[in-house]
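Written below as structure tokens is the structure these notes are about.
Remember, it's 1-based here, ligands and their atoms both numbered in the order they're listed.
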Amino acid sequence: MDKKFASQADLEEKKVSFDKLSNHAYAYTAEGDPNTGIVIGDDAVMVIDTQATPVMAQDVIARIRTVTDKPIKYVTLSHYHAVRVLGAAGYKPQQIFASRDTYDLIVERGEADMKSEIGRFPRLFRAVESVPGLTWPTVVFEKRLTLWMGNLQVELLQLGRGHTKGDTVVWLPQDRVLFSGDLVEYEATPYTGDAYLSDWPATLDAVEALNPAKLVPGRGAALMSPEAVRAGLNGTRAFVEAMFESVRKGVAMGNDLRTIYHDTYATLKPRFGHWVIFDHCLPFDVSRAYDEATDHRDPRIWTAQRDKDMWQALEG
Ligand SMILES: [Zn+2]
């Protein structure tokens with residue numbers, strides 16, 4: 001193969017930042033590695049996306065303990081991807097929240113996704129042996145759940161399909177802070193292998209309509225002003241639309257997937273090639289876009305074997 005599979009060659013540890021967005025909101029970010037959000041209510045702490053393993057969660061807990069002694073009672077899963085959810089046990093939460101669609105995806109493809117993701121990006125699964133198995137939500141909601149953490153109003157909102165069909169954002173209306181999960185990325189390439197590309201831009205519009213003052217993306221630095229939030233939303237929208245448009249054009253011309261992949265890579269590289277994990281994501285992204293542009297309304301399940309076959313077909 002020309003390129004090493006997915007991110008198996010990415011071994012360099014990133015520098016962690018722990019930023020305060022408001023009196024109730026912090027962001028644990030790591031130069032494009034998956035982010036974790038923290039909400040501090042009057043009586044408890046919520047963690048949004050857990051990191052990939054319980055051992056990795058310990059570093060998040062250590063940062064939380066520099067700002068509060070309150071118990072970590074809640075975990076919210078923005079979506080089902082292993083790299084964000086398998087650290088949940090490390091927090092010993094009382095409740096784990098997820099949308100009904102995310103729960104359904106864990107039932108349907110959680111096991112396959114876990115094996116696939118560990119194979120794609122081993123560095124992000126430090127101490128993978130500490131993962132006790134799949135993470136199961138204890139509270140499942142449809143579309144919207146409101147949690148009062150004392151006086152702090154916390155809205156779990158499913159605004160539409162995008163990165164997955166179950167995407168959930170966490171919104172603090174009093175502070176105007178939003179945690180987006182992978183619906184929004186900042187200077188990191190959106191992974192769209194399980195996405196609904198036709199729906200994603202409208203879901204970003206729904207995020208924008210909340211008018212967040214600050215936003216924690218799924219990957220990349222915390223966005224600390226309305227201008228930065230807009231840049232994150234616009235960048236994600238631009239990538240999703242340009243990638244899908246290029247693939248649809250290739251499909252309309254009757255090109256095969258491999259040709260469409262190389263054409264799309266060449267089209268997007270000058271504009272987005274400097275974003276982290278560009279080379280990792282693009283083969284998966286184009287594969288999904290091709291499916292959606294042809295005859296798969298719903299994303300097909302990625303398995304460790306399908307990953308390798310696809311990579312060989314596009315990059316080999
Ligand atoms: Zn994801």
Side-chain angles (χ1 to χ4, degrees), residues 6-7 10 27-30 32-37 47-53 56 75-88 96-99 101-106 108-125 131 134-135 137 156 158-170 178-197 199-200 203-204 207 215-220 232 235-236 239-240 243 275-278 280-289 292 298-303 307:
S7 289
D10 179 343
Y28 180 99
T29 68
D33 277 357
N35 294 338
T36 290
V47 168
I48 302 148
D49 292 340
T50 69
Q51 301 290 309
T53 70
M56 293 174 76
V75 162
T76 296
L77 311 180
S78 68
H79 61 290
Y80 75 99
H81 282 149
V83 75
R84 298 188 170 270
V85 311
L86 294 184
I96 301 175
F97 297 101
S99 68
D101 287 321
T102 289
Y103 172 80
D104 289 347
L105 287 166
I106 295 169
E108 178 192 55
R109 58 184 71 195
E111 195 76 38
D113 173 74
M114 173 164 67
K115 290 179 182 140
S116 151
E117 286 199 52
I118 291 168
R120 289 178 190 184
F121 215 147
R123 177 176 64 77
L124 291 184
F125 288 86
V131 173
L134 292 178
T135 296
L156 279 53
Q158 208 187 347
L159 297 171
R161 294 170 166 186
H163 176 70
T164 71
K165 82 170 171 183
D167 293 350
T168 296
V169 305
V170 176
L178 188 121
F179 301 86
S180 71
D182 284 328
L183 256 181
V184 182
E185 311 290 24
Y186 184 66
E187 295 187 341
T189 309
Y191 171 75
T192 79
D194 303 301
Y196 289 79
L197 293 155
D199 297 15
W200 197 329
T203 306
L204 291 173
V207 171
L215 186 150
V216 180
R219 291 173 176 267
T236 304
F239 176 90
V240 166
M243 194 273 296
W275 286 0
V276 297
I277 61 170
F278 180 82
H280 168 138
C281 287
L282 212 62
F284 296 99
D285 289 2
V286 170
S287 296
R288 168 57 191 150
E292 186 168 329
D298 293 307
R300 288 188 282 149
I301 295 173
W302 291 102
T303 63
D307 286 2

Going by side-chain hydrogen bond (donor to acceptor under 3.5 Å, both in side chains), Asp194 matches just one of His79, Arg288, His81, His163. Which one? His81
Can you tell me if Asp113 and Ser116 form a side-chain donor-acceptor pair at under 3.5 Å? no
What protein N/O/S atoms are there under 2.8 Å from the Zn ion (ligand 1), waters excluded? His79 NE2, His81 ND1, His163 NE2, Asp182 OD2
Take Tyr80 and Thr164 through the side-chain contact (heavy atoms from CB on, under 4.5 Å) test and state the conclusion after the steps. CA-CA 8 Å; Tyr80 75 99; Thr164 71; 3.8 Å; yes
Asp33/Arg123 ion pair, N-O < 4.0 Å: yes
Working to the nearest 0.5 Å, report the span between CZ of Arg84 and OG1 of Thr76. 13.5 Å
Parallel, tilted or perpendicular: which describes the rings of Trp275 and Phe239, with under 30° parallel and over 60° perpendicular? tilted
